[in-house]
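All values derive from a computational prediction rather than experimental measurement.
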Amino acid sequence: MNYLFTICGRAGSKGLKNKNLKKLAGSPLVYHSLAAILLYINKYGKNNHITVVLSTDSEELIDIVTAQTKLPVFVIRREEALCGDATAKIDVIKDCLLRSEKEYLQTYDIIIDLDITSPLRRVVDVKNAIDRKSQRMDADVVYSVTHSRRNPYFNMVREEKCSLEEKYYPAGSSFFVKAVPSDYTARQQAPFMYDMNASIYAYSPEALKTKPGPGFFNDKADAIIMKDTAVLDIDSEEDFELMQVIAGHFYEKDYEYREIWEMSKEIGL
């Protein structure tokens with residue numbers, strides 16, 4: 001099997017400046033993703049052909065990735081058209097696929113994207129995503145989720161403006177209502193919900209090439225369930241501070257998380 005691992009990171013970020021250049025527990029965030037790939041290869045991928053690609057417009061991120069020699073990485077300097085705030089990541093991954101096929105003159109069976117800013121993953125999580133996608137060739141994508149802490153049928157709400165017909169309310173009045181109207185009186189009665197934790201995606205190459213980006217995840221998707229690590233993705237200074245605390249806990253208490261961290265440090269040597 002031919003696998004393409006993609007790591008994508010822009011130079012700028014409005015939520016947290018230069019978040020892709022941050023260090024977590026002493027190692028660059030991107031090294032945690034590289035460590036997961038390297039450990040996957042060592043444990044499960046020796047009989048497969050694996051390509052790793054970095055897509056970025058950040059010279060600093062390129063320097064960090066190319067400074068390590070443990071894992072060969074094909075660097076794609078992202079075109080300006082794919083660097084905007086509104087650019088869909090799915091388009092960036094498609095670009096990685098097309099340019100890798102051209103560079104290496106081969107096709108790929110599965111494209112696996114590991115998000116730089118969702119580093120708390122285990123090697124078995126990567127394996128589970130790849131295995132699940134191999135089993136579900138009818139699915140366009142298999143992505144990672146965690147059990148949701150909130151449920152739109154039970155304890156999530158939205159603000160709703162009063163209608164114009166309700167003239168007995170002051171102008172601009174609103175109330176808070178359930179996000180999805182329901183009569184459930186206990187959380188256990190509501191349908192199960194999951195959070196996309198933005199950590200691992202395993203794509204079909206055909207879907208990447210042919211399926212429109214808008215609405216890509218609205219159908220023909222499957223998922224693997226990962227352990228809830230409380231922080232889904234780093235997009236603010238508060239997220240990053242909380243991630244450091246939680247990462248320290250998991251690295252101390254759980255070997256499967258710690259081995260990623262230890263490999264990330266080894267990559268940096």
Side-chain angles (χ1 to χ4, degrees), residues 6-36 54-65 78 80 82-93 113-122 125-126 129 141 143-152 155-159 176 179 193-201 213-214 216-217 223-254 257-258 260-261 264-265 268:
T6 61
I7 298 176
C8 307
R10 291 193 304 122
S13 172
K14 289 185 175 179
L16 177 60
K17 185 177 180 181
N18 294 323
K19 65 179 182 179
N20 291 313
L21 305 180
K22 292 281 190 180
K23 286 187 175 183
L24 178 66
S27 297
L29 276 174
V30 69
Y31 282 8
H32 293 259
S33 292
L34 293 179
L54 169 70
S55 173
T56 186
D57 60 334
S58 168
E59 291 299 325
E60 292 90 345
L61 186 57
I62 291 174
D63 289 343
I64 292 172
V65 170
R78 196 181 302 182
E80 186 175 351
L82 294 174
C83 295
D85 291 335
T87 299
K89 191 177 183 182
I90 196 77
D91 294 329
V92 176
I93 298 170
D113 183 70
L114 301 186
D115 197 281
I116 295 175
T117 56
S118 295
L120 290 184
R121 59 174 76 89
R122 304 167 300 173
D125 295 321
V126 178
V141 62
Y143 50 73
S144 57
V145 301
T146 61
H147 289 285
S148 177
R149 293 164 176 265
R150 294 288 181 265
N151 192 310
N155 57 2
M156 292 182 68
V157 297
R158 60 183 172 83
E159 188 175 11
F176 281 83
M193 290 288 158
Y194 301 90
D195 287 324
M196 296 174 69
N197 69 348
S199 183
I200 307 168
Y201 299 82
F216 188 97
F217 299 99
I224 60 159
I225 301 174
M226 288 175 58
K227 186 173 183 177
D228 181 7
T229 57
V231 180
L232 300 181
D233 191 19
I234 298 172
D235 200 35
S236 69
E237 190 63 45
E238 291 76 14
D239 291 339
F240 184 62
E241 290 175 359
L242 185 56
M243 179 74 79
Q244 293 182 89
V245 174
I246 293 173
H249 168 78
F250 280 106
Y251 295 156
E252 179 183 354
K253 302 293 185 180
D254 192 316
Y257 290 96
R258 186 166 66 251
I260 297 279
W261 173 50
S264 76
K265 293 189 294 181

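Considering all non-hydrogen atoms of both residues, Ile93 and Cys8 come closest at CG1-SG, 4.2 Å. Here the closest heavy-atom approach between residue Asn155 and residue Arg149 is recorded as ND2-O, 4.1 Å. Of all heavy-atom pairs between Glu60 and Leu21, the closest is CB-CD1, 3.8 Å. When all heavy atoms of Cys83 and Arg10 are compared, the closest pair comes out as O-NH1, 3.1 Å. Between Val126 and Ala36, the closest heavy-atom pair is CG2-CB, 4.4 Å. Ser33 and Leu114 make their closest contact through O-CD1, 3.7 Å (heavy atoms, listed as atom of the first residue, atom of the second, distance).
The residue from Leu54, Thr56, Val30 that alone fulfils the side chain to side chain contact (heavy atoms under 4.5 Å, CB included) condition with Ile64 is Val30. Exactly one of Asp113, Val92, Leu82, Ile7 qualifies for a side chain to side chain contact (heavy atoms under 4.5 Å, CB included) with Ser55. That residue is Val92.
Scored by the salt bridge (Lys or Arg N to Asp or Glu O under 4.0 Å) test, Asp91 finds no partners at all (sequence neighbours excluded). Arg150 meets the salt bridge (Lys or Arg N to Asp or Glu O under 4.0 Å) test with no other residue; sequence neighbours excluded.
Here Leu29 contributes atom CG and Leu34 contributes atom CG; the two are 11.0 Å apart, rounded to the nearest 0.5 Å. Atom CD of Glu237 is separated from atom NZ of Lys22 by 4.5 Å, given to the nearest 0.5 angstrom.
You'll find the side chain of Tyr251 reaches within 4.5 Å of the side chain of Leu120, heavy atoms only. Annotation: side chain of Ile260 is not in contact with side chain of Arg122 (no heavy-atom distance under 4.5 Å).
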Report all side-chain donor-acceptor pairs from residues 193-201 shorter than 3.5 Å, counting only partners two or more places apart or in another chain.
| from | atom 1 | to | atom 2 | distance (Å) |
| --- | --- | --- | --- | --- |
| Asn197 | OD1 | Ser144 | OG | 2.5 |
| Asn197 | OD1 | Ser199 | N | 3.4 |
| Ser199 | OG | Ser118 | O | 3.3 |
| Ser199 | OG | Arg121 | NE | 3.0 |

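Between the side chain of Asp57 and the backbone N or O of Ala11, at least one donor-acceptor pair lies under 3.5 Å. Put simply, the side chain of Asp239 gets close to the backbone of Ser236: a donor and an acceptor are under 3.5 Å apart.
Other residues, nucleotides and ligands contribute more than 12 heavy atoms inside 6.0 Å of the NZ atom of Lys89. In the displayed structure, Glu80 atom CD is contacted under 6.0 Å by at most 12 heavy atoms of other residues, nucleotides or ligands.
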Test side chain to side chain contact (heavy atoms under 4.5 Å, CB included) applied to His32 and Leu24, step by step:
CA-CA 8 Å; His32 293 259; Leu24 178 66; 3.7 Å; yes
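A salt bridge links Asp254 to Lys227: one of the charged nitrogens lies within less than 4.0 Å of a carboxylate oxygen.
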